Structure formats: C-alpha cells, structure tokens
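Just so we're clear, the structure is a prediction, and the values are computed from it rather than from any experiment. Naming: A, B, ... by sequence-line order, numbering from 1 per chain.
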2 protein chains.
Amino acid sequence: MSILSKFSFKDQAFKLRENAILDAATAVLGTKGYDLMTMDDVAGAVGISKPSLYKHFKSKEELVSEALIRLLDGAIDQVAKLDPALNPLQKLSALLEWALRVRLGGGLPFLPSTSPHVRDMLMRNVKYMLRVAKLNRQLEGLVQQAQKANLLNPALPSDVILFSYYARTCDPAVDFLQKFTKLPDDDVVRHMLTVAFQGLSGTP
Amino acid sequence: MSILSKFSFKDQAFKLRENAILDAATAVLGTKGYDLMTMDDVAGAVGISKPSLYKHFKSKEELVSEALIRLLDGAIDQVAKLDPALNPLQKLSALLEWALRVRLGGGLPFLPSTSPHVRDMLMRNVKYMLRVAKLNRQLEGLVQQAQKANLLNPALPSDVILFSYYARTCDPAVDFLQKFTKLPDDDVVRHMLTVAFQGLSGTP
DNA sequence: GTCTATAAGGAGATAGAC
DNA sequence: GTCTATCTCCTTATAGAC
C-alpha cells in the first residue's frame with residue numbers, strides 16, 4: 001500500500017475546499033477588515049453554507065488566524081527564495097517590493113493588524129507567533145548586516161528600522177495612491193520604495 | 001439684555017458635558033478602535049447613562065465623527081500657529097512632531113481611519129471633508145514649496161509625498177516602539193522624524 | 001459532510017417614568 | 001434631562017434532518 005494512499009480523494013477535496021475558504025477569507029479581510037467580515041460573507045464567497053464553514057474552522061478567530069498564518073508563510077517562503085547574490089539592502093528592498101505588489105493585487109500585508117482585537121488574538125496564537133519570530137529573526141539579521149555595511153542608517157536603533165520596515169508593508173499611502181491617483185502600480189511601488197529608503201527629502 | 005445671556009448656565013453645562021463625552025470617546029477610540037468601542041463604554045467613561053449620550057449625539061457615527069472633527073480642528077489650529085520664520089520643511093517637520101507627540105500621549109492621529117466603515121462614514125460627512133480639504137490645501141502648499149526649494153525630493157509626485165506624510169502621522173511603528181522597547185518618547189519622535197525625512201538608509 | 005432552521009448573546013437605539 | 005428597562009437587529013455558533 002503506497003504511502004500516498006494516506007491522502008484519499010476525499011482528503012484532497014477537503015484540503016482544496018479549505019484553501020478556497022482561506023482565499024475567500026483573505027479577500028474579504030482585505031476589503032472589509034476583521035470586524036466587518038461576517039462568516040456569512042465568507043460562506044457566500046466560497047459558495048457553501050455557514051455550518052460547512054464551521055466543519056473546517058471551529059470559529060471566526062481560528063479561520064482568520066489560519067488565513068494570516070498562510071500569508072506569513074508566503075512571506076517566509078519569499079525570504080528563502082531571495083537571490084543570495086543580493087546585498088542585505090537589496091534583499092530588504094526586494095522583499096518590501098514583493099509585499100507591496102501583493103497588496104496592490106488585492107492581497108493583505110503580512111502585518112495586517114491595526115485592530116486591537118486581531119492583534120491580541122494573534123499574540124495568543126502560538127502557531128502564528130512562531131512564524132513571526134522566525135521571520136523577524138531573518139529580517140533582523142538583514143537589517144543588522146545592512147547597518148554594519150552602512151547601507152542602512154547605522155545611527156538608528158535596529159528596532160526602529162525593523163518596525164518602520166514592517167510598517168511600510170502596510171503603509172496606508174499605498175491605498176490612497178491606488179484609490180485617488182492614476183499612478184500605475186509599478187510607479188506606486190517605485191515611489192514607495194524611494195520614500196521608504198531615501199525618505200521624503202531624498203538626496204541619498 | 002446682554003448678548004451673553006444667549007449662553008445660559010444650562011447651555012454652558014451642556015457644552016461642558018458634550019466636551020467630556022468627546023474626550024471619553026476619543027480616549028476609547030484610541031485604545032479599542034471604532035468597532036470595539038461601545039456606547040456603554042463611552043457612557044461609563046463619562047459617568048452618565050447611555051440614553052443621556054443620545055441626547056447629545058443621535059448615533060454612534062455622529063459621536064465619532066464629531067470627535068474626529070475636533071481632532072482635525074486641533075491640527076488646523078496647529079498649522080495656523082506655526083512659526084512663520086520656519087522654512088516649509090521645518091514646518092512640516094514641526095507639525096509631524098506635534099502629531100506624533102499627541103499619539104504618544106494617548107491621543108489619536110488626525111488620520112485615524114484604517115477601518116473601511118469609519119473611512120466611508122467620514123467621506124460622507126461634509127463637515128469633516130471640508131476640514132480635510134482645508135488642511136490638505138495648506139499641507140499641499142507646504143509640500144510644493146519644499147519641493148521647489150529642493151528641501152523635499154522634487155523627483156517625487158507631490159501626491160506621493162503628501163500621502164506618505166499623512167501616513168507617518170499614524171505609523172504603527174510608533175505603537176510598536178512604545179510597547180516593545182524602552183525608548184523614551186523623545187527618542188521615538190526623533191527617530192521617526194529621521195526615518196520619515198531621511199529614510200531608512202539615512203545619509204542625507 | 002452539507003444543508004435549513006434556530007439558539008444565544010451582544011450592541012445600537014428608544015419608551016416612558018421621574 | 002436623566003435614568004431603568006426594553007426593543008430590535010445582527011452575528012456567531014450549533015442542533016438535527018438528509
């Protein structure tokens with residue numbers, strides 16, 4: 001008996017639907033945010049009924065947590081796939097560019113939580129916090145390397161740079177620019193990267 | 001009969017309580033956000049009952065809108081009080097510093113709305129939008145002057161600078177730094193200003 | 001496992017006494 | 001004008017048939 005038989009057709013279908021639910025939840029989260037997102041919204045978007053949703057996720061909190069964990073995994077993957085030939089600053093820039101493009105494409109940032117409810121929920125979630133710690137370790141390393149090489153301002157505490165870097169991935173200016181100007185996405189990304197690393201004054 | 005008699009003791013007391021309500025609403029908004037703030041929270045914080053709240057404000061939306069309008073008025077006041085001797089960049093810096101200090105002191109930023117519900121509500125509010133337009137006109141003028149004088153990056157579209165500037169007033173990095181590091185408020189402000197204008201790379 | 005129907009509880013808003 | 005008590009609606013979550 002092949003080990004693959006462990007994954008029956010039914011299990012595969014179950015996994016597929018689970019992913020579809022997470023996709024829908026991610027999309028609704030992006031437009032309405034946690035508090036305004038209802039389980040009916042998600043069920044409707046997937047095309048199933050609410051009780052079926054609860055067969056996959058035992059609560060709204062668990063559903064949202066899993067969706068955000070999946071996003072975080074995407075970010076961690078992205079870090080792993082970075083071209084090793086890049087210097088630390090180029091890596092950080094590439095990663096921020098990726099995050100901005102995900103958002104412009106309708107996705108969520110990997111640091112989405114402005115709502116106190118969601119923030120507390122995630123900080124109690126071990127699975128989520130383990131991934132945050134992993135990602136944070138890697139980014140912290142990049143920041144410190146870049147500071148040593150004088151690619152990032154060595155006069156700033158690493159924490160300040162790291163938190164500000166995270167903040168850029170969920171910068172509301174991105175939404176404003178997309179909504180109120182006719183700038184193409186590529187220009188938005190380019191300008192946001194300039195502002196993040198060179199600041200509003202420029203003249204690097 | 002003096003024109004002052006128009007403001008009776010009762011009216012004055014009414015106004016005072018109205019301000020107390022707005023203070024309480026602002027405080028609760030700062031900690032819990034719009035969706036998690038209940039009218040019971042606000043009533044409890046003021047020390048009155050919920051129906052009394054509704055004698056002053058006919059809905060939760062109106063209460064929150066008025067609180068945010070008052071905040072915006074504070075920002076507009078602050079612009080008016082700027083030292084005319086400062087150059088445009090110094091004025092923008094001083095204003096951002098003021099906004100950051102308000103937040104660190106437990107207040108709200110004057111661009112508070114991450115929640116789609118609140119954002120839509122405010123955009124339908126003429127009173128609010130008039131003030132936004134006024135503040136925006138003044139800041140846009142400062143930005144353009146600063147760009148002409150090469151104090152802000154002239155290669156960036158003004159919109160990009162303006163929206164990014166607004167975004168810095170509600171930068172989540174501020175909350176993280178206050179919560180997870182032991183940095184004194186003065187240092188947080190100093191570093192955030194550096195990051196905003198010189199960027200993460202520094203070397204201005 | 002999926003659905004229809006429903007329980008349980010929270011929060012905005014109000015009726016009516018004082 | 002203020003309060004106690006209540007209405008109403010919405011949303012999370014589940015019971016029970018198929």
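- Side chain to side chain, B:Asp23 and B:Thr26 fail the donor-acceptor criterion of an N or O pair below 3.5 Å.
- Figure legend: B:Lys60 and B:Tyr34 shown as a cation-pi pair, the cationic atom lying under 6.0 angstrom from the six-membered ring centre and within 45 degrees of its axis.
- Near DNA chain D, meaning a heavy atom under 4.0 Å from it, residues 18-30 of chain A has no residue at all.
- Look at CG on A:Asp35: it is 17 Å from P on D:dC10, rounded to the nearest Å.
- Of the candidates D:dC3, C:dG1, D:dT12, the closest approach to any side-chain atom of A:Phe14 belongs to C:dG1.
- Here B:Glu18 pairs with B:Lys15 in a salt bridge; the nearest charged N to carboxylate O distance falls below 4.0 Å.
- Salt-bridge check for A:Lys50 with A:Asp40: passed, with a basic side-chain N closer than 4.0 Å to an acidic carboxylate O.
- Atom CE of A:Met37 and atom P of D:dT11 are 12 Å apart (whole Å).
- Summarising the geometry, the separation between NZ on A:Lys15 and C1' on C:dG1 is reported as 16 Å, rounded to the nearest angstrom.
- Less than 4.0 Å separates DNA chain D from at least one heavy atom of each of the following residues of residues 50-64 of chain A: A:Lys50, A:Pro51, A:Tyr54, A:Ser59, A:Lys60.
- In this entry the distance linking NZ of B:Lys32 with C1' of C:dG10 reads 12 Å, nearest Å.
- Between B:Met39 atom CE and D:dC9 atom C1' the separation is 16 Å, expressed in whole Å.
- Atom CE of B:Met129 has more than 12 neighbouring heavy atoms from other residues, nucleotides or ligands inside a 6.0 Å radius.
- Distance A:Asp40 CG to C:dT6 P: 16 Å, rounded to the nearest Å.
- The distance between atom OH of A:Tyr34 and atom C1' of D:dT11, rounded to the nearest whole Å, is 11 Å.
- Between the A:Arg168 side chain and the A:Val195 main chain, no donor and acceptor come within less than 3.5 Å of each other.
- For the residue pair A:Ser158 and A:Gln147, a side-chain donor N or O sits within less than 3.5 Å of a side-chain acceptor on the partner.
- Of the candidates C:dG12, D:dT12, D:dT2, the closest approach to any side-chain atom of B:Thr38 belongs to C:dG12.
- Aromatic ring pairs are classed by plane angle as parallel below 30°, tilted from 30° to 60° and perpendicular above 60°; the pair B:Phe176 and B:Phe180 is parallel.
- Separating the CG atom of A:Asp41 from the P atom of D:dC10 is a distance of 13 Å, rounded to the nearest angstrom.
- With B:Asn19 contributing its side chain and B:Leu16 its backbone, the two residues share no donor-acceptor pair below 3.5 Å.
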